[in-house]
A.B. asks: 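To start, I am sharing the structure in question, which I have written as structure tokens.
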Amino acid sequence: MNIAPKYDPSIVEEKWYSYWLEKKLFHSEPDTRIPYTVVIPPPNVTGVLHMGHMLNNTIQDVLVRRARMMGKNACWVPGTDHASIATEAKVVNMLKERGIDKRSLTRDEFMKYAWEWKEEHGGIILKQLRKLGASCDWDRTAFTMDPIRYESVIKVFVDLYDKGLIYRGVRMVNWDPKALTAVSDEEVIYKESQSKLYYLRYYIDTPATTQFDLKDVTDSEGNAIPCGIKQNEKGYYVIVATTRPETILGDTAVCVHPQDPRYSQMKGMKVVVPGVGRSVAIIMDEYVDREFGTGALKITPAHDINDYNLGMKYNLETIDIFNDNGTLNEKGGKYKDMDRFACRKQIVKDLEELGLIEKIEDYTNKVGHSERTDAIIEPKLSAQWFMKMGDIAKKALEVVEDDTIQFHPAKFKNVYRHWLENIKDWCISRQLWWGQRIPAFYLEVEGRTETIVAETKEEAFQKAQQRFGNAISSIDQLRQDEDVLDTWFSSWLWPISLFDGIRNPDNPEIKYYYPTNDLITAPDIIFFWGARMIMAGEEYRDKVPFHHVYFTGIVRDKLGRKMSKSLGNSPDPIKLIEQYGADGVRMGMLLTAPAGNDLPFDESICEQGRNFSNKIWNALRLVKGWEVSEELKQPEECSQAVEWIEQRMACVLEEVERDFDQYRLSEALMATYKLMWDDFCSWYLEIIKPAYQAPIDRETYEATIRIFERLMCMLHPFMPFVTEEVWHTLRERPEEASIMVQHMPMSVFFDQRMLDGFAKAQETIAGVRNIRNSKGLSPKEALELYIRESEADTRFDNIIKKVANVSKVEYVSEKVEGAISFMVGTAECFVPMSQNIDKDAELKKLQDELAYTEGFLNSVMKKLGNEKFVNGAPEKVVNIERQKKADAESKIAAIKAQIAMLNA
RNA sequence: GGGAGCAUAGCUCAGCUGGUUCAGAGCAUCUGCCUUACAAGCAGAGGGUCACAGGUUCGAAUCCUGUUGCUCCCACCA
């Protein structure tokens with residue numbers, strides 16, 4: 001058989017992926033088998049594959065392929081997410097490039113462009129996943145805005161509204177002035193930034209005759225501290241520290257702590273907002289941190305959540321000074337239309353000129369940025385839709401606490417608990433067009449605005465007629481809410497809506513595939529997505545959506561930075577695949593990424609994968625290059641080797657099964673890797689390998705093929721392509737065959753004593769090789785080996801002979817002269833040398849070993865001499881120490897005898 | 001500011017209820033080898049006071065306390 005000397009993944013991968021698709025091997029339909037379901041974390045429809053996706057999807061594919069080979073009906077459902085903000089931003093940009101302003105379009109026109117954009121640029125990422133080998137059921141590809149998913153979302157909204165879990169209200173929300181929409185708390189990223197703390201003078205608004213006592217006051221510990229009230233030629237003033245001087249335009253109070261002696265004279269006073277001239281009240285509230293700044297806080301209820309709360313409490317006026325895009329509105333007076341940051345600069349300049357700034361300090365604080373646009377978030381009062389989280393969160397917490405859903409690694413339970421215990425209502429409306437439009441309809445009835453929530457406008461009209469009778473005559477009186485829903489409000493239904501379980505809760509698919517088995521996700525979306533899916537599952541199926549959550553790590557570059565498009569530090573996964581093969585990249589990533597651990601990515605880890613693919617390939621070349629003889633009898637070393645490798649495989653299988661049970665994928669792969677490379681290639685194949693151009697016996701050959709096939713099955717979930725290729729080359733296969741649907745080998749009982757015996761033989765062989773190495777002897781020169789041991793195990797002598805190139809193995813009761821010796825356990829091995837032995841070198845080696853062993857014995861004796869140890873430690877442990885002592889003593893005796901012999 | 005986690009070989013990580021899996025693996029490094037499957041390879045070797053300091057114990061990488069250094073999450077100190 002002619003097999004290429006190097007493995008070329010590109011041809012092979014293309015070939016087999018098409019083959020799998022053509023044979024519909026990824027497709028699943030409900031049947032009598034046990035289902036195994038995974039739903040993909042839907043990537044952004046306009047996104048491209050990055051390393052995070054690679055890792056995440058490789059893990060899913062490993063689990064899915066393994067489940068399939070374990071005889072389960074595996075179904076991995078792919079799809080994409082419409083990603084409102086991100087996609088809408090891209091569409092708006094695209095329009096801008098074409099000279100079209102979004103505001104000049106109607107909603108319908110915009111949506112047409114958006115869908116066009118989606119059709120053109122969407123789904124690239126799913127195509128890329130095929131290159132990775134992902135065994136998704138592509139027939140089931142879904143989109144969070146396709147009809148089934150869209151309708152499901154609408155239905156859920158209406159249902160939750162009817163249950164009283166969804167409400168509309170004017171609240172302080174996180175406003176993204178770039179995307180012009182509200183975002184949820186989870187979408188705000190706080191970043192540390194260097195800013196300034198401005199100390200502003202607020203003059204006290206008081207008749208000129210009023211006198212204040214400016215003497216030092218006494219704090220609670222009895223120390224004298226300066227009074228909070230200052231005086232200059234213009235009058236009395238207090239100093240307020242702020243990081244956002246532009247918001248003074250919206251100031252409606254100044255707040256101090258009621259027990260702050262510095263300000264006790266301020267009760268009931270008013271101060272003048274600097275530069276603005278407005279006179280505002282001094283209020284006193286314990287919210288204020290006396291230690292911060294000057295202990296006096298300006299209150300801007302429209303632009304800060306805390307100020308808003310205080311504003312509510314003290315009935316303060318709310319002055320909103322910003323437009324939606326972050327510029328100043330008419331309340332900003334002369335600063336109208338300036339951007340908020342430009343305004344800040346200008347206002348500081350103006351105040352400085354007016355002598356209203358006491359000082360400016362450098363200050364580091366955390367500023368909220370929009371997760372999607374990176375714009376600085378502006379707290380803003382607006383009417384939004386919210387979902388109540390209280391009760392539903394409790395249930396979602398319970399199922400994780402009681403391990404109905406298990407997290408891998410479990411440490412994420414803490415994070416999850418903390419979030420759910422402090423959860424706030426979820427702002428679900430977004431001021432965008434790309435998304436599910438909120439099915440709320442407004443109409444004017446007798447001067448009031450009434451709200452009707454219904455799945456369609458027609459339904460809303462009917463409901464309106466029922467409620468308001470003849471006051472409603474035309475459907476056109478209804479006006480639908482302009483906003484769409486948060487994208488996560490569709491993704492949270494994903495495991496259910498994929499099987500149409502919202503619209504048709506009793507359909508056979510949802511009943512069969514739900515709940516899914518494993519969720520593979522990055523920890524950074526645990527709140528956005530994971531937690532909310534659990535809530536939706538509880539609410540709509542009364543069952544958790546999955547039983548295990550596998551958290552992948554975050555892929556980082558060599559410098560430890562998160563890989564991101566903006567940093568440009570992410571390699572192109574498709575290029576990597578071209579360079580190392582999909583199998584190589586998969587293997588490289590998996591080996592270095594235990595669950596929950598970040599993956600410091602370096603291209604070199606793919607090399608290991610590529611090298612491994614090639615190693616497998618070369619083993620195939622060796623085996624398929626043999627001529628098989630029907631006459632030859634199986635040599636003893638071959639039957640021993642076959643027996644051993646089967647035992648060994650059983651042992652590793654057990655380990656791998658244990659690893660998978662605990663979701664320790666990298667460990668499972670490492671164990672299989674070693675089985676293939678070390679045990680199979682380096683030991684087994686070397687033992688059975690016939691001499692050059694000599695044939696191999698039929699029995700050994702068949703056994704080898706069989707073992708090779710099973711190894712390929714074990715590796716297939718990790719490296720789907722090379723294993724399929726090799727599996728097909730090993731034997732003639734029927735038309736439809738694929739390794740994908742072979743049975744995964746299962747662990748069976750294995751004989752540990754045999755494995756131990758073989759390990760000893762391996763050590764013996766290594767000993768002989770070492771002698772060869774140190775003496776510079778050719779591997780072709782046969783040596784002799786004498787072993788002195790009380791209980792000889794001769795089973796593997798033929799193997800030793802062959803692999804170590806030893807002409808004879810003989811068991812002796814006396815020491816062998818003129819030989820170099822080494823020990824394997826308690827056995828002494830002698831290799832006679834024809835050439836002169838370097839006496840001094842040998843002596844030194846022996847003496848070193850003697851010193852070490854004596855030291856070892858010493859420490860054992862110390863333990864055994866300790867009465868507390870002998871009495872306190874368990875019998876078993878003491879016995880082990882006694883055995884150590886005996887072994888060490890006999891070893892010392894042997895070494896001493898050898899030294900004596902050398903010196904003789 | 002609150003909480004959680006981590007620290008073991010140059011790198012990435014195993015190491016379960018303290019004791020033969022106890023100091024390990026892979027990669028990298030070094031030394032020999034172009035030995036007819038494979039130099040993307042083969043055969044060997046070196047390398048760690050288990051972050052630091054105490055404590056508990058007959059016995060600690062493992063349990064406790066403190067220190068230091070990292071990481072993550074949460075939070076409205078302007």
Side-chain angles (χ1 to χ4, degrees), chain A residues 3 5-7 172 185 190 197 240-244 247 255 287-294 296-300 304-309 363 365-366 368 379 409 411-419 421-422 523-524 526-527 554 558 560 580 584 588 591-594 596-600 602 604-605 607-626 662 664 666-667 669-671 673-674 677 681-682 685-686 689 691-693 765-766 769-770 772-774 776 778-780 805 863 866-874 876-878 880-881 883-884:
Chain A
I3 302 175
K6 280 221 180 348
Y7 174 65
M172 185 67 77
D185 295 343
Y190 287 90
L197 195 54
V240 176
T242 179
T243 53
R244 298 200 60 191
T247 61
C255 189
Y287 165 75
V288 176
D289 176 0
R290 279 180 269 186
E291 304 301 315
F292 189 90
T294 59
L297 169 67
K298 68 188 216 50
I299 305 294
T300 320
D304 183 282
I305 177 68
N306 307 300
D307 293 10
Y308 174 72
N309 292 336
Y363 184 63
N365 65 343
K366 296 217 171 171
K411 65 177 177 184
F412 287 107
K413 262 170 109 162
N414 291 329
V415 184
Y416 181 84
R417 181 188 315 113
H418 188 262
W419 185 69
E421 283 175 349
N422 297 286
D524 48 354
I526 181 172
F527 309 132
I554 291 165
K558 279 183 228 174
Y580 299 99
L591 265 185
T592 38
N597 273 43
D598 285 2
L599 177 130
D602 185 328
S604 63
I605 64 172
E607 268 172 46
Q608 199 182 348
R610 177 199 57 183
N611 295 356
F612 187 43
S613 302
N614 204 46
K615 182 73 186 178
I616 297 168
W617 188 249
N618 276 298
L620 174 76
R621 289 181 61 213
L622 173 69
V623 171
K624 293 309 284 186
W626 288 331
Q662 296 168 45
R664 294 162 60 132
S666 48
E667 306 253 324
L669 173 57
M670 179 54 78
Y673 169 83
K674 286 196 274 191
W677 196 310
C681 293
S682 299
L685 289 180
E686 289 301 328
K689 187 157 88 177
Y692 183 52
Q693 291 196 329
I765 291 163
R769 280 172 174 167
N770 257 334
R772 246 188 239 288
N773 246 352
S774 59
S778 158
K780 285 174 182 151
N805 190 18
K863 263 193 190 178
N866 183 341
E867 233 172 272
K868 283 180 184 164
F869 170 76
V870 179
N871 297 330
K876 199 179 115 197
V877 177
V878 178
I880 286 163
E881 290 303 314
Q883 185 60 51
K884 278 186 191 170

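Letters A, B, ... are given to chains in the order of the sequence lines, protein chains preceding strands, and every chain is numbered from 1. This structure is a prediction, so every number in the text was calculated from the model and none was measured.
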A.B. asks: B:A7 P sits how many Å from A:K411 NZ, rounded?
C.D. replies: 10 Å
A.B. asks: A:R621 CZ to B:U36 P: how many Å, rounded?
C.D. replies: 13 Å
A.B. asks: Should the side chain of A:Y308 and the base of B:C76 be counted as holding a donor-acceptor pair, with the cut-off at 3.5 Å?
C.D. replies: no
A.B. asks: Could you state the CD1-P distance from A:I616 to B:C38, rounded to the nearest angstrom?
C.D. replies: 17 Å
A.B. asks: Can you tell me if the side-chain N/O atoms of A:N611 get under 4.0 Å from OP1 or OP2 in B:G41?
C.D. replies: yes
A.B. asks: Between the side chains of A:K298 and A:T300, is a donor N or O closer than 3.5 angstrom to an acceptor N or O?
C.D. replies: yes
A.B. asks: Are any side-chain N or O atoms of A:N618 and backbone N or O atoms of A:N614, one a donor and one an acceptor, separated by less than 3.5 Å?
C.D. replies: yes
A.B. asks: What does A:L591 touch in the nucleic acid at a heavy-atom separation under 4.0 angstrom: a base, only the sugar-phosphate, or nothing?
C.D. replies: nothing
A.B. asks: Between B:U35 atom C1' and A:L622 atom CG, what is the distance in whole Å?
C.D. replies: 14 Å
A.B. asks: What class does the angle between the rings of A:F612 and A:W677 fall in, given that below 30° is parallel, 30 to 60° is tilted and above 60° is perpendicular?
C.D. replies: parallel
A.B. asks: Just how far, in rounded Å, is C1' of B:U36 from CD of A:E686?
C.D. replies: 12 Å
A.B. asks: Say we look at B:G24 and B:A9: how far apart would their P atoms be, to the nearest angstrom?
C.D. replies: 13 Å
A.B. asks: May I ask you to say what A:K674 touches in the nucleic acid, namely base, sugar-phosphate or nothing, with a heavy-atom cut-off under 4.0 Å?
C.D. replies: sugar-phosphate
A.B. asks: For A:R769, which contact category applies under a 4.0 Å heavy-atom criterion: base, sugar-phosphate, or nothing?
C.D. replies: sugar-phosphate
A.B. asks: Check the chi torsion on B:U62 and let me know: syn if it falls within 90° of 0, anti if not.
C.D. replies: anti
A.B. asks: Quick one: label A:N597 by what it contacts on the DNA or RNA (base, sugar-phosphate, nothing), any heavy atom closer than 4.0 Å.
C.D. replies: sugar-phosphate
A.B. asks: Under 4.0 angstrom, heavy atoms only, what part of the nucleic acid is A:E667 near: base, sugar-phosphate, or nothing?
C.D. replies: sugar-phosphate
A.B. asks: Looking at A:E291, I want to see if its CD is surrounded by more than 12 non-hydrogen atoms of other residues, nucleotides or ligands under 6.0 Å.
C.D. replies: no
A.B. asks: RNA chain B: stems of at least 3 consecutive Watson-Crick or G-U pairs, cut-off 3.5 Å?
C.D. replies: B:1-7 with B:68-74, B:10-13 with B:24-27, B:29-33 with B:41-45, B:51-55 with B:63-67
A.B. asks: Applying a 4.0 Å non-hydrogen cut-off, can you work out what A:D598 is touching in the nucleic acid: base, sugar-phosphate, or nothing?
C.D. replies: sugar-phosphate
A.B. asks: Tell me, do A:Y287 and A:L297 make a side-chain contact under 4.5 Å, heavy atoms counted?
C.D. replies: yes
A.B. asks: Between A:K689 and B:U35, is there a contact of a side-chain N or O with OP1 or OP2 at under 4.0 Å?
C.D. replies: no
A.B. asks: Within the distance-only criterion (no hydrogens, no angle test), does the side chain of A:D304 pair as donor or acceptor with the backbone N or O of A:D307 below 3.5 angstrom?
C.D. replies: yes
A.B. asks: Please determine whether a side-chain nitrogen or oxygen atom of A:R772 lies at a distance below 4.0 Å from atom OP1 or OP2 of B:U35.
C.D. replies: no
A.B. asks: Below 4.0 angstrom from OP1 or OP2 of B:A78, is there any side-chain N or O of A:Y363?
C.D. replies: yes
A.B. asks: Is the phosphate of B:A45 approached by A:N770 (side-chain N or O, under 4.0 Å from OP1 or OP2)?
C.D. replies: yes
A.B. asks: Would you please confirm or rule out a distance under 4.0 Å between OP1 or OP2 of B:C42 and any side-chain N or O of A:W677?
C.D. replies: yes
A.B. asks: Measuring to OP1 and OP2 of B:C27, would you say a side-chain N or O of A:Y673 lies under 4.0 angstrom away?
C.D. replies: yes
A.B. asks: Measure the distance from NZ on A:K884 to P on B:G19 and round it to the nearest whole Å.
C.D. replies: 12 Å
A.B. asks: Using a 4.0 Å heavy-atom cut-off, does A:N414 contact any base of the nucleic acid, only the sugar-phosphate backbone, or nothing at all?
C.D. replies: sugar-phosphate
A.B. asks: How would you label the contact of A:V288 with the nucleic acid (heavy atoms, under 4.0 Å): base, sugar-phosphate, or nothing?
C.D. replies: base
A.B. asks: How close or far is atom P of B:G26 from atom CE of A:M670, stated in whole angstroms?
C.D. replies: 7 Å
A.B. asks: So, using side chain to side chain donor-acceptor pair (under 3.5 Å) as the criterion, who are the partners of A:Y580 when residues are at least two apart?
C.D. replies: A:E603
A.B. asks: If I take atom CG in residue A:L620 and atom P in nucleotide B:A37, what distance separates them, rounded to the nearest angstrom?
C.D. replies: 14 Å
A.B. asks: Just call it for A:F612: base, sugar-phosphate, or nothing, with non-hydrogen atoms closer than 4.0 Å on any strand.
C.D. replies: nothing
A.B. asks: For A:Y416, answer base if it contacts any base atom (sugar-phosphate contacts may also be present), sugar-phosphate if it contacts only those atoms, and nothing otherwise; contact means non-hydrogen atoms under 4.0 Å.
C.D. replies: nothing
